[in-house]
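Encoded as structure tokens, the structure appears first; notes follow it.
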Amino acid sequence: MSVIFKPLRSAGKGLFFIVTLHVQQNYQKGHAITYFFRTHLFLVSLVILAGVPFENSHAALDDLPFIGEKFPFTISAGDKNLAKSLEDALKQQRKESPSFEEVERLRRAGRFDRDVILRWLRSEGYFAASLNTRFENNKIYHQVTEGPRYLIERLAVEFPPDITAPSLKDLPIKQGKPLRAEDVLAGQNAVRDFATERYCLYEINVTYDAEVNHSTRKAFVTYTLAASPQVTFGETEVSGLTSIKADYLLNYLTFKPGECFKRRQIELTRLALLQTNLLSRVDISLGAPTENKVPILFEFGERNHRTLKAGVSYDSNIGPGITLGWEHRNLFHSGQKLDTQAKLSEIKREIKGELSLPHFRRRGQTLQLFTNITHEIPDAYESTSGEVGVLLSRELKQNWSASVGSTVEFSRMIENEQKDDFGLLSFPLGLDFIRTNDLLDPRYGWALGVRTRPFVDLYNTGTRFVKTTLVASAYLTESDWWAQPTLALRAATGTISGEALTAVPAAHRYYVGGGGSVRGYGYQSVGEFTEGEPDGGLSFGETSIELRLRLTKSWGFVLFTDGGYAYAGKSPGFGEDFLWGAGIGVRYFTSFAPIRLDLATPLNRRRQAQDGVEDDSLQLYVSIGQAF
């Protein structure tokens, strides 16, 4: 007898597999039994329709459409842990199986259950297990007799003569252990990964054969690597381009002609090309090896490179906001991106433009030229400014990037009815580590960013200060739990050194409070006040915790708490004097990002008579993307 394992959906811990036993059995249809069943069903139906009392008629009622909780069940076995695992697996399969959603009768549900339970038992090595199912009071009872578990007696790996096979001790599957489908497939993947890493094979085809001996209850598992030539990458050809230069796209190749042939590199290249946002289709064809070289043909389909954008936001403290923009992602036919935006809200009006030149001078390096004109009128100050700058960013290695630049900003600040003009020259530096699955809706991973920016005032060269900010976030999701909960954590801090608070332009101080900071408090209102207006700070601390629940494919629910404070001193008293807010939120998930609606309340609500500032009891925030 041979055994074939096929993966099913996740069921509790690990994977769940179909096990198909290749056996042949001849049988004849029991015509007499079929006749008896049809006759019995007909008589029972007459009794039900006539409303005549009939002893033990509930047995027939089991086959009527079920009302209430859908087909409750109980699983019992000699091993309680095994019974619990079976229960979890069956619940998961019922939840995820489209065919079970169509089941309307108790006995059909029982047949579905039996199929799942028996397949699960075999996938865990219980090939001698038996299952007894009975129906009582509209409930299904499954009694499992697991029997002995089949063990792996021998393991073998067969490679072509010119290739060295991996050592059996390095495989995740071991001799003497139970014959589990998950372990067999893990061993197959390990053998495939070994061949992929060590050799330049044109095809890597690893198969397995799992044979069981029912008399000894032992198994023999053999992994076989099919013979294939070792080759290198050949020349690359492209087709299908209309406006993009081929040389630009070739920058995204993760391999070079003459390098060891790896199909994984081809898929990484495909992903990198699609992430340029310039292509709608990337088809890759491999030619037959010639002189141990594999030619590669890329066929592209270009997408529209121009986009009109519009966005809206709402904050109960600062009112509605609107953003309009236009973007061209292939301005000079090599992925140059021109992005223009206009923002309008009750406290801010801004027009800005940015030109990005990818792969500037070297691969993975981007040059950004930007400018903006801004007028801001928050409670703390009034500012009119214009800025031009350049920023050079580079990918250092996987997940890491760094940036360096220079900006010149001319501004007029009005604070406490005092007017000041500044001409600030700055040199922003940044270092980022981003290892999350999504920028707008992260569910896994973590991120860390450090920014430092020295300033000098060109109008008064004696005014110099350095602004440094650190932000970190982490995300953990349990995708197997109900509602797929995500725990999201964020912490941020920063300090300004070199000048007193009053010498630092108001727009460049730290402010805390509002939708992107501590929700539940007014915009920039978490800190010290002078005559009812926020002073800002030379340092700050913030922290946020969110529990994100995904109730359906389109809707989610969030519980959150935020805390923070802007300090007048240069050293943040992290946690000291923190004001805390908490709230709930709703998320509507679109194809590109979630739409966020948060309702928050201050937990340390301040009163005008006592604190010199009055906090509203509720704050509402509407925007696109998660809070962090």
Side-chain angles (χ1 to χ4, degrees), residues 1-8 11-30 33 75-90 93 110-134 141-159 165-192 205-226:
M1 175 182 291
S2 62
V3 185
I4 297 176
F5 301 101
K6 300 178 181 179
L8 278 178
K13 297 181 179 179
L15 296 175
F16 188 15
F17 299 85
I18 298 175
V19 181
T20 303
L21 301 180
H22 287 269
V23 297
Q24 293 183 347
Q25 181 179 359
N26 296 321
Y27 65 94
Q28 293 182 347
K29 295 181 178 179
I33 294 176
I75 298 178
S76 56
D79 185 337
K80 293 183 178 179
N81 291 330
L82 176 64
K84 180 64 169 60
S85 297
L86 280 167
E87 180 182 333
D88 293 341
L90 182 54
Q93 285 296 296
R111 291 193 295 271
F112 175 91
D113 291 355
R114 288 181 59 85
D115 181 60
V116 171
I117 292 171
L118 290 172
R119 284 185 286 136
W120 191 93
L121 288 168
R122 291 167 183 165
S123 74
E124 291 293 316
Y126 296 99
F127 289 93
S130 62
L131 175 63
N132 179 48
T133 302
R134 56 189 176 88
Y141 295 87
H142 298 291
Q143 175 65 50
V144 175
T145 304
E146 56 266 35
R149 205 170 189 181
Y150 284 38
L151 304 179
I152 300 171
E153 183 179 25
R154 287 185 296 164
L155 276 175
V157 180
E158 297 180 354
F159 271 30
S167 172
L168 294 180
K169 67 179 182 180
D170 295 329
L171 299 182
I173 185 172
K174 305 296 182 182
Q175 293 182 176
K177 296 295 183 179
L179 179 63
R180 299 178 63 245
E182 184 176 358
D183 294 340
V184 172
L185 295 184
Q188 183 185 30
N189 291 333
V191 173
R192 184 185 297 113
N205 182 18
V206 177
T207 58
Y208 70 85
D209 182 43
E211 297 181 0
V212 295
N213 187 324
H214 289 286
S215 61
T216 62
R217 298 187 177 92
K218 303 291 184 181
F220 181 22
V221 180
T222 304
Y223 297 104
T224 303
L225 174 66

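Just so it is clear, the values below take in all heavy atoms, side chains as well, and ignore hydrogens, waters and symmetry mates.
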Checklist entry - What's the spacing between Glu153 CD and Thr216 OG1 if we round to 0.5 Å? => result 6.0 Å

Checklist outcome for this item: When every non-hydrogen atom of Tyr223 is compared with those of Gln188, the smallest separation belongs to CE2-N, 3.4 Å

Next on the checklist: Does the structure place the NZ or CZ of Arg122 under 6.0 Å from the centre of the six-membered ring of Phe127, at an angle of no more than 45° from the ring's axis?
Outcome noted: no

Checklist entry - Does the pair Tyr208 and Leu185 meet the rule for a side chain to side chain contact (heavy atoms under 4.5 Å, CB included), with working shown? => result CA-CA 9 Å; Tyr208 70 85; Leu185 295 184; 3.8 Å; yes

Checklist entry - With side chains defined as the heavy atoms from C-beta onward, is the minimum distance between Glu158 and Thr222 less than 4.5 Å? => result yes

Next on the checklist: Do Val184 and Leu179 make a side-chain contact, defined as non-hydrogen atoms from C-beta onward lying under 4.5 Å apart?
Outcome noted: yes

Checklist entry - What closest approach, in Å, do Phe159 and Ala165 show between heavy atoms, and which atom pair accounts for it? => result CD2-CA, 3.6 Å

Next on the checklist: Applying side chain to side chain contact (heavy atoms under 4.5 Å, CB included) to Leu225 and Asn205, what does each step give before you reach the verdict?
Outcome noted: CA-CA 6 Å; Leu225 174 66; Asn205 182 18; 5.7 Å; no

Next on the checklist: Testing the basics here: between Glu124 and Arg180, what is the closest heavy-atom pair and its distance to 0.1 Å?
Outcome noted: OE1-NE, 2.9 Å

Checklist entry - Do Val144 and Leu86 have side-chain heavy atoms sitting under 4.5 Å apart? => result yes

Checklist entry - Can you tell if the side chain of Thr133 reaches within under 4.5 Å of the side chain of Ile117, non-hydrogen atoms only? => result no

Checklist entry - Measuring from Tyr126:OH to Arg149:CZ, what's the distance to the nearest 0.5 Å? => result 4.0 Å

Checklist entry - How many angstroms lie between atom CH2 of Trp120 and atom CG of Leu90, to the nearest 0.5 angstrom? => result 11.5 Å

Next on the checklist: Looking only at the side chains, is there a donor atom on one of Asp113 and His142 sitting less than 3.5 Å from an acceptor on the other?
Outcome noted: yes

Checklist entry - In Å and rounded to the nearest 0.5 Å, what is the NZ to CG distance from Lys169 to Leu155? => result 15.0 Å

Checklist entry - Minimum heavy-atom separation for Gly187 to Pro172, with atom names? => result N-CG, 3.8 Å

Checklist entry - When you measure from the side chain of Lys218 to the backbone N and O of Ile152, does any donor-acceptor pair fall under 3.5 Å? => result no

Checklist outcome for this item: Closest heavy-atom pair, Ile75 versus Ala83, reported as atoms and distance to 0.1 Å, is O-CB, 3.9 Å

Item to check | Rounded distance (nearest 0.5 Å) linking atom CG of Asn132 with atom OG1 of Thr145 | outcome: 8.0 Å

Next on the checklist: Would the distance check show the side chain of Arg154 and the main-chain N or O of Ala219 forming a donor-acceptor pair, the cut-off being under 3.5 Å?
Outcome noted: no

Next on the checklist: Taking the basic N atoms (NZ, or NE/NH1/NH2) and the acidic carboxylate oxygens, is any pair closer than 4.0 Å for Asp115 and Arg119?
Outcome noted: yes

Checklist entry - Is any side-chain heavy atom of Asn81 closer than 4.5 Å to a side-chain heavy atom of Lys84? => result no

Item to check | Non-hydrogen atoms of Pro166 and Val157 that approach each other most closely | outcome: CD-CG1, 4.0 Å

Item to check | Lys177 and Leu151: CA distance, side-chain angles, deciding distance, side chain to side chain contact (heavy atoms under 4.5 Å, CB included) verdict | outcome: CA-CA 5 Å; Lys177 296 295 183 179; Leu151 304 179; over 6 Å; no

